[in-house]
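Worksheet for the structure shown next.
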There are 2 protein chains.
Amino acid sequence: MRTAAEMTELYRQKGLKITPQRQCIFGILEANTTHPTADAIYESALETMPSISRKTVYTVLHELNELGELLTLDVGTGSLRFDPNVERHHHTVCRKCGSVGDVRGIDTARVRMPASEQVGFEVEETEVIFRGICKLCRPKGRKS
Amino acid sequence: MRTAAEMTELYRQKGLKITPQRQCIFGILEANTTHPTADAIYESALETMPSISRKTVYTVLHELNELGELLTLDVGTGSLRFDPNVERHHHTVCRKCGSVGDVRGIDTARVRMPASEQVGFEVEETEVIFRGICKLCRPKGRKS
DNA sequence: ATACTAACTAACAACAAATGTCAGTTTACA
DNA sequence: TGTAAACTGACATTTGTTGTTAGTTAGTAT
């Protein structure tokens, strides 16, 4: 996602109104690397805007998704997560706490399907998920 | 998962009863490569055993999962899928129909996290999902 | 400044997936 | 054949998400 200021400009161009609710959500998502769930974003928005409704949050998130400024991500932890980083990248998922991290710099061009498998399947994207234990959930005092 | 016959033997060893319901589900899963959802398995079971309850199906699936004979798989299509293939392998997901296919023979040892990313994350498994269009959903007459 | 209308709120309903409850019944197997 | 395990069935619950509706607010163009 672009910066909150750029998003404001984009919305203006699209003829969408610049409301405090939308700006609040822009702010929460800007540079957010925690891959929050919709509900986490709602909770976060409540802090600065106690009157915001859950419905509005969902609506704005879907707007952003359709504008291509926000990716949705399902890593199997129960709920959808939103990722403002729309560049191609991959993820880590902690099997203890469910936290999700970004992993850039993987060249998936080298991850090829063997020709014998899935004949006729047209690959558009290759997604890699590293599952394991995150730094915080690792037993202390060990260096792996 | 092993064959239905082997599963029967395993259950016997564990002191679990060999019920027609369990055997029915063994049969459905045996050599099943469609990655069915719990509900698809339930529907399928109803055909040969109209009295089976949804609860039983869920219970047996979780039993099998705990015995390590059945993997659960969440590829972001809404519901859990079950995979009797417990060998390490990867998946294709069709973005049109949601169908899931197996992909064997990928060497994930070469898919390494760059050292600069996610310091301290202990990778246990590397999961690859190829997203795209399956053979059946591809427009006909084209050879990609 | 005003009017138009998009956007928002609020409370509730609905949905799907999964799981829990629990009383009563069946049944696999020792 | 007895008995504990397993199953049924109907219903409730939970979680995440979306839809509804009606009334209110407020951004923006004029």
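The structure presented is a predicted model; accordingly, all values stated were derived computationally and were not measured. Residue numbers begin at 1 in each chain, while the letters A, B, ... track the order of the sequences.
- Tracing side-chain contacts under 4.5 Å through hydrophobic residues (I, L, V, M, F, W, Y), one never reaches B/Val86 starting from B/Leu67; they form parts of separate clusters.
- Within residues 21-30 of chain A, the residues approaching DNA chain C are A/Gln21, A/Arg22, by heavy-atom distance under 4.0 Å.
- Checked against side chain to side chain contact (heavy atoms under 4.5 Å, CB included), A/Lys135 has no partners two or more places apart in sequence or in another chain.
- Residues passing the side chain to side chain contact (heavy atoms under 4.5 Å, CB included) test with B/Glu124, sequence neighbours excluded: A/Arg95, A/Ile133.
- For DNA chain D, the neighbouring residues in residues 45-53 of chain B, judged by any heavy atom under 4.0 Å, are B/Ser51, B/Ile52, B/Ser53.
- B/Ile28 and B/Val100 are assigned to two separate hydrophobic clusters, defined by single-linkage of ILVMFWY side chains at heavy-atom distances under 4.5 Å.
- Listed by residue number, B/Tyr58, B/His62 are the residues of residues 56-67 of chain B with a heavy-atom contact under 4.0 Å to DNA chain C.
- For residues 70-77 of chain B, proximity to DNA chain D is found at no residue, defined as any non-hydrogen atom under 4.0 angstrom from a strand atom.
- With rounding to whole Å, A/Tyr42 atom OH is found 14 Å from D/dT17 atom C1'.
- Note: NZ (B/Lys55) to P (C/dA23) measures 14 Å, nearest angstrom.
- Between the C1' atom of C/dA6 and the NZ atom of A/Lys14 lies a distance of 17 Å, rounded to the nearest Å.
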Check your understanding: Going through the distances and angles, do A/Glu117 and B/Ile106 end up as a side-chain contact (heavy atoms from CB on, under 4.5 Å)?
Key -> CA-CA 10 Å; A/Glu117 300 286 311; B/Ile106 288 182; over 6 Å; no
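- Sequence order on DNA chain C of the closest nucleotides to B/Thr37 and B/Ile18 puts B/Thr37 first from the 5' end.
- Side-chain N or O atoms of B/Asp74 include none that pairs as donor or acceptor with a backbone N or O of B/Leu80 at under 3.5 Å.
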Would you tabulate the nitrogen or oxygen pairs shorter than 3.5 Å linking the protein to nucleotides 2-5 of chain C?
| from | atom 1 | to | atom 2 | distance (Å) |
| --- | --- | --- | --- | --- |
| C/dT5 | O2 | A/Lys17 | NZ | 3.4 |

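- Applying the ring pair (Phe, Tyr, Trp, His ring centres under 6.0 Å) rule to A/His90 yields no partners; only residues at least two apart in sequence or on another chain are considered.
- Here the shortest heavy-atom pairing between B/Arg104 and A/Pro114 reads O-CG, 3.3 Å.
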Practice item. Start with the C-alpha distance between B/Thr77 and B/Val75, add both sets of side-chain angles, then the distance that settles side-chain contact (heavy atoms from CB on, under 4.5 Å), and finish with yes or no. Key: CA-CA 6 Å; B/Thr77 47; B/Val75 293; 3.7 Å; yes
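- A donor-acceptor contact shorter than 3.5 Å is absent between the side chain of A/Ser99 and the backbone of A/Cys94.
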**Study point:** Steps toward side-chain hydrogen bond (donor to acceptor under 3.5 Å, both in side chains) verdict (B/His35, B/Asp102)
**Key:** CA-CA 9 Å; B/His35 306 79; B/Asp102 282 331; 2.7 Å; yes
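- The shortest non-hydrogen separation linking A/Gly98 to A/Val93 is O-CG1, 4.5 Å.
- Judged by closest nucleotide on DNA chain C, B/Ala38 is the one of B/Leu16 and B/Ala38 placed further toward the 5' end.
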Exercise for review: Determine, stepwise, if the pair A/Thr72 / A/Phe82 fulfils side-chain contact (heavy atoms from CB on, under 4.5 Å).
Suggested key: CA-CA 5 Å; A/Thr72 59; A/Phe82 294 88; 3.7 Å; yes
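- Ring geometry for B/His89 against B/His91 counts as perpendicular: the plane angle is over 60°, on a 0 to 90° scale with 30° as the lower cut.
- A donor-acceptor pair is defined here as one N or O able to donate and one able to accept, closer than 3.5 Å; no such pair exists between the side chain of A/Thr108 and the backbone of A/Val111.
- As a whole-Å value, the separation of A/Tyr11 OH from D/dA26 C1' is 17 Å.
- Between the two ends of the helix from C/dA1-D/dT30 to C/dA30-D/dT1, each summarised by a five-pair axis, the helix axis turns through 40° (rounded to 10 degrees).
- Between the CD atom of B/Glu43 and the C1' atom of C/dA18 there is a distance of 15 Å, given to the nearest Å.
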Review point. Between B/Asp83 and B/Arg81, does a side-chain contact (heavy atoms from CB on, under 4.5 Å) hold up when you go through it step by step?
Key: CA-CA 7 Å; B/Asp83 192 344; B/Arg81 287 162 180 276; over 6 Å; no
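- Of all the residues in residues 79-86 of chain B, B/Ser79, B/Leu80 reach under 4.0 Å from DNA chain C with at least one non-hydrogen atom.
- By the criterion of side-chain heavy atoms lying less than 4.5 angstrom apart, applied directly or through intervening Ile, Leu, Val, Met, Phe, Trp or Tyr residues, B/Met1 is grouped together with B/Ile25 in one hydrophobic cluster.
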Point to revise | Chi angles and distances behind the salt bridge (Lys or Arg N to Asp or Glu O under 4.0 Å) call for B/Arg138, A/Glu122 | key: CA-CA 8 Å; B/Arg138 266 236 314 266; A/Glu122 192 175 323; 3.6 Å; yes
Side-chain donor-acceptor contacts of residues 7-18 of chain B below 3.5 Å, not counting sequence neighbours, with atom names and distances?
| from | atom 1 | to | atom 2 | distance (Å) |
| --- | --- | --- | --- | --- |
| B/Thr8 | OG1 | B/Ala4 | O | 2.9 |
| B/Thr8 | OG1 | B/Gln23 | NE2 | 3.4 |
| B/Tyr11 | OH | B/Glu63 | OE1 | 2.5 |

Report, one line per pair, each donor and acceptor closer than 3.5 Å where one atom sits in a side chain of residues 36-44 of chain A; sequence neighbours left out.
| from | atom 1 | to | atom 2 | distance (Å) |
| --- | --- | --- | --- | --- |
| A/Thr37 | OG1 | A/Ala40 | N | 3.1 |
| A/Asp39 | OD1 | A/Arg54 | NH1 | 2.3 |

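- Hydrophobic clustering places B/Met49 together with B/Val57 (ILVMFWY residues linked when any side-chain heavy atoms are closer than 4.5 Å, directly or through intermediates).
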